[in-house]
Amino acid sequence: MGHTVIFPGSFDPITLGHEQIIHKALSLFDSVVVAIGINADKRTMFTVEQRCSMIRTVFANEPRVKVVAYDGLTVDFCISQHIRYILRGLRSASDFDYELGIAYANRALDNTIETLFLVADPQYSHINSSIVRDVLRHKGNVSAFIPKTLTL
Ligand code: ADP
């Protein structure tokens, strides 16, 4: 059995930053499970189904990427899927502080699951889903922020 990493997030919507992190993960792992966390408290622009289908479109030619939605704790989902590695992306020092807290919490919940961090190339480091949503709300062109295969 090969090594699988889970890349959990909101992906509301997927951006060039996410896409590159997934490509980098594919060079390190046999397969990548992109896992959309269902969070009832968080208002999203796109439904879970829309977010899943966008990511599936982007990776339509990559059978090593699987897209799923999950609710509950990420570590519980990992255990149910026999996945031992959680991947998160880092953009800035503030990301690091926030992510370290989550990683320690997950470690306290299950110390057999490792959190790994990857950094996107500098040209993608400023891109995030909330910028894309803002531009969309104002009817702007988001093609510089989202994967080439998507039109929003
Ligand atoms: P969440 O709501 O869980 O933060 P996001 O969809 O915003 O979900 O992000 C999912 C993951 O992708 C997070 O680890 C985030 O840091 C990472 N990420 C998002 N944009 C970028 C980027 N431009 N470069 C590197 N990592 C990124």
Side-chain angles (χ1 to χ4, degrees), residues 3-29 31-59 62 64-81 83-110 113-137 140-150 152:
H3 286 296
T4 299
V5 69
I6 180 178
F7 185 39
S10 313
F11 306 101
D12 185 36
I14 183 172
T15 67
L16 286 172
H18 295 130
E19 183 188 29
Q20 194 187 43
I21 296 286
I22 295 165
H23 279 299
K24 287 182 186 293
L26 283 168
S27 71
L28 296 166
F29 287 88
S31 62
V32 177
V33 174
V34 182
I36 300 180
I38 301 170
N39 182 344
D41 297 338
K42 212 164 169 176
R43 287 191 58 155
T44 58
M45 176 172 268
F46 297 97
T47 65
V48 172
E49 292 73 24
Q50 287 172 321
R51 286 177 275 155
C52 279
S53 106
M54 285 187 257
I55 305 169
R56 289 197 181 112
T57 301
V58 175
F59 291 97
E62 182 43 88
R64 295 190 298 137
V65 172
K66 207 173 130 190
V67 186
V68 299
Y70 73 103
D71 54 18
L73 294 173
T74 304
V75 290
D76 288 342
F77 182 69
C78 289
I79 293 163
S80 74
Q81 303 297 306
I83 297 173
R84 292 194 43 222
Y85 302 99
I86 298 175
L87 173 64
R88 296 283 288 174
L90 291 178
R91 288 161 293 197
S92 61
S94 62
D95 263 4
F96 178 75
D97 279 347
Y98 173 71
E99 293 293 342
L100 196 59
I102 299 176
Y104 280 139
N106 285 335
R107 168 70 51 86
L109 291 166
D110 188 317
I113 297 173
E114 292 294 340
T115 301
L116 307 170
F117 298 103
L118 286 175
V119 177
D121 291 348
Q123 71 267 34
Y124 300 124
S125 64
H126 63 286
I127 297 176
N128 64 53
S129 298
S130 93
I131 293 177
V132 175
R133 293 194 302 273
D134 274 346
V135 174
L136 285 173
R137 274 190 205 100
N141 177 357
V142 293
S143 60
F145 309 119
I146 61 169
K148 304 273 160 294
T149 37
L150 282 186
L152 289 180

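Any value given below was found using the heavy atoms of this structure, including those in side chains, with hydrogens, waters and symmetry copies removed. Counting starts at 1 for both ligands and their atoms, in listed order. Counting begins at 1 with the first residue of the sequence. Treat the numbers as computed from the prediction; the structure is a model and nothing was measured.
Taking Arg91 as the reference, Asp95 meet the salt bridge (Lys or Arg N to Asp or Glu O under 4.0 Å) condition, with sequence neighbours excluded.
Pocket lining of ligand 1, defined as residues with a non-hydrogen atom under 4.0 Å away: Phe7, Pro8, Gly9, Ser10, Phe11, Gly17, His18, Ile21, Lys42, Arg88, Gly89, Leu90, Arg91, Asp95, Glu99, Ala120, Tyr124, Ile127.
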Residues 113-123, side-chain donor-acceptor partners within the protein, below 3.5 Å, at least two apart:
{"unit_1": "Glu114", "atom_1": "OE1", "unit_2": "Arg107", "atom_2": "NH2", "d": "2.9"}
{"unit_1": "Asp121", "atom_1": "OD1", "unit_2": "Lys24", "atom_2": "NZ", "d": "3.4"}
{"unit_1": "Asp121", "atom_1": "OD2", "unit_2": "Gln20", "atom_2": "NE2", "d": "2.7"}

I'd like a table of donor-acceptor pairs (distance under 3.5 Å, sequence neighbours excluded) in which one partner is a side-chain atom from residues 65-81, with atom names and distances.
{"unit_1": "Tyr70", "atom_1": "OH", "unit_2": "Thr74", "atom_2": "OG1", "d": "2.7"}
{"unit_1": "Ser80", "atom_1": "OG", "unit_2": "Phe77", "atom_2": "O", "d": "2.8"}

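Under the side-chain contact (heavy atoms from CB on, under 4.5 Å) test applied with Ile21, the options Leu16, Leu87, Leu90 reduce to a single match, Leu87. Under the side-chain contact (heavy atoms from CB on, under 4.5 Å) rule, Val142 has a single partner from Leu150, Ile131, Val135, which is Val135.
Between His23 and Phe59, the ring-plane angle classifies as tilted under the 30° and 60° cut-offs.
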